[in-house]
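Here is the structure we will look at, set down as structure tokens.
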Amino acid sequence: MADSDNLAEYSVSEISGAIKRTMEDAFGYVRVRGELGRISRPGSGHIYLDLKDAQSVLSGVIWRGQASRLKIQPEQGLEVIATGKITTFPGQSKYQMVIDSLEPAGVGALMALLEERRRKLLAEGLFAEERKRRLPFLPRVIGVVTSPTGAVIRDILHRISDRFPLHVLVWPVRVQGETSAREVANGIEGFNRLEPGGAIPRPDVIIVARGGGSIEDLWGFNEEIVVRAAAASDIPLISAVGHETDWTLIDHAADLRAPTPTGAAEIAVPVRGELMASVDGLARRQISGLLRLIAGRRTELRAASAALPSPRDLLALPRQRLDTYAERLAPALRAALRDKRARHLMAAGRLSPHTLARTVLIARERLGGLEARALRAHRQQISRDRARLDAVAKLLESLSYKNVLARGYALVRGADGQPLRSAHGVQPGDGLTIEFGDDSRLAATAAGGDPAGGGESEAARPAPRATPRPKTRAPGKGRESGQGSLF
């Protein structure tokens, strides 16, 4: 009990710090081989993972700055060698490894990772043959994604210049190292973004090239970002990575694989001299064929002309018929003339002045008869029309109101000239016109009615009947002298 009282007392932070310093001093910078287990990538950009073997598990962390510079991306199940330092995490009382770099633990691990990635991309259809396009026979512009300082670009330019000089665009990239995969993918995508007819010509074919090397050197061309960019390219793409025995995943996604960068240049363009020789040969064959065709047609024409009769033989029979008809034409014309003259003389003998005069006399007599008949018909029509008109006039006269006026009545008209049938509607002072049977008219004015309001107006009362008198018209007056006044 007394011994325990003499022990030093530590706080939690002090003991955690002491342990942290002890572990870092004891181990320092180490390399650890193991299999990657759980891998976590939070939004902070750091990578948390587990390194394990058959008996133990070691937690590890890769800070964001180091994660972007890794040669390979950590994948679960991959055997790697991690380089870093051992430290503790006081917040959870655990120890961990801060990893600075990762590398595959031997070629076998890389090949296993490569095969797993190949199966994954194959299952997505990125290597399907139906996705691959044919290369243009004679491209105008070739885009090359490679290092601008290596021997590869010089070999490609030299071979293109020898075979068929044309425009070559170089997209400079790093073909090895931590950023090579991203730069190669950007180069492929950049060529595809060029607009046709723009300031920078759009390539008709792309060559992705690199010289030979180990699997670690060529690993950038096995990254998914490069493979997906090659598969998504709208421009036909030739993969020329490494030597003939070197295979990368971009070779499967490309439209065509070339064994070497120089071979890619030979595939991309034909030999200009061979094309010219081929064109010259075709031209010679065409001319030779035309000459043979013309010679054959000439021979056929000569054979056909030899089988035809001569023009003299063809015209002999028509000429003989023409001579025969010419000999018969003159006698026929003289005979026709004699016949026409005889007919004319016979017709002239039948014509005489007496015959013509008799014909004219008969026609004149017929014309006189027709004229007399026309006059009689006209007089009869006029007589019928006159009788019909008289009958209508008598009917009109019998129905006329003037006959009523002639019996001693008078017609009263209003100011508008219309006959008045009653006194209603006539106001005192209205102008009236009275028409008599002898067509005379008298102007009058309507007087006021009975003050008691019981009767019609004085103008509307019927006038006393006048004693009939003989219809004698007074000189100089327009009405009968015995006509009484209504007012």
Side-chain angles (χ1 to χ4, degrees), residues 134 136-140 164 196-197 270-400:
R134 297 185 60 182
F137 174 71
L138 187 60
R140 294 173 297 175
F164 202 113
V271 179
R272 183 171 181 270
E274 294 179 358
L275 288 179
M276 295 178 64
S278 177
V279 171
D280 292 340
L282 292 175
R284 287 193 297 270
R285 290 175 58 188
Q286 182 182 26
I287 295 173
S288 176
L290 288 175
L291 293 176
R292 287 195 302 270
L293 178 64
I294 293 173
R297 293 292 186 267
R298 183 181 290 111
T299 303
E300 294 175 1
L301 179 61
R302 287 174 180 173
S305 62
L308 291 175
S310 64
R312 181 180 302 174
D313 296 337
L314 291 175
L315 296 176
L317 186 58
R319 184 181 290 110
Q320 186 177 2
R321 286 199 299 267
L322 179 61
D323 294 339
T324 302
Y325 293 151
E327 293 176 357
R328 294 168 55 186
L329 179 60
L333 289 176
R334 287 193 292 269
L337 182 61
R338 287 194 299 270
D339 183 61
K340 297 296 183 182
R341 184 180 288 109
R343 292 183 182 181
H344 177 69
L345 292 176
M346 290 176 62
R350 290 197 298 268
L351 294 177
S352 64
H354 298 290
T355 303
L356 294 175
R358 184 178 179 184
T359 302
V360 172
L361 179 60
I362 294 173
R364 185 178 288 113
E365 290 177 354
R366 290 181 60 191
L367 181 61
L370 293 174
E371 182 180 3
R373 289 172 60 187
L375 290 174
R376 286 195 301 271
H378 181 64
R379 284 195 294 271
Q380 291 174 1
Q381 183 65 34
I382 291 176
S383 177
R384 286 194 296 270
D385 292 343
R386 184 178 289 109
R388 189 180 300 110
L389 181 61
D390 292 342
V392 172
K394 290 178 181 180
L395 177 61
L396 178 62
E397 184 177 359
S398 64
L399 297 177
S400 176

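All values reported here derive from a predicted model rather than from experimental measurement.
Distance check, rounded to the nearest 0.5 Å: CG of L315 to CD of Q320 gives 13.0 Å. One finds the CD1 atom of I382 at 13.0 Å from the CG atom of L389 (value rounded to the nearest 0.5 Å). Atom-to-atom distance recorded for H344:NE2 and D339:CG is 13.5 Å, nearest 0.5 angstrom. The CZ atom of R366 lies 12.5 Å from the CG atom of L361; values are rounded to the nearest 0.5 Å. L291 contributes atom CG, which lies 10.5 Å from atom CD of Q286 (distance to the nearest 0.5 angstrom). Here the CZ-CG distance, from R319 to L322, works out to 9.0 Å after rounding to the nearest 0.5 Å.
Side-chain N or O atoms of S278 include none that pairs as donor or acceptor with a backbone N or O of L275 at under 3.5 Å. Put simply, the side chain of S400 never gets that close to the backbone of L396: no donor and acceptor are under 3.5 Å apart.
Residues R388 and D385 have side chains in contact (heavy-atom distance under 4.5 Å, counting atoms from C-beta outward).
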Walk me through it: do D390 and K394 pass the test salt bridge (charged side-chain N to carboxylate O under 4.0 Å, His left out)?
CA-CA 6 Å; D390 292 342; K394 290 178 181 180; over 6 Å; no

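A salt bridge is defined here as a Lys NZ or Arg NE, NH1 or NH2 lying under 4.0 Å from an Asp or Glu carboxylate O, and R284 with D280 fails to meet this definition.
Side chains of S383 and R379: a donor-acceptor N/O pair is absent below 3.5 angstrom, by distance only.
The two atoms that bring F164 and P270 nearest to each other are CB-O, 3.4 Å, heavy atoms only.
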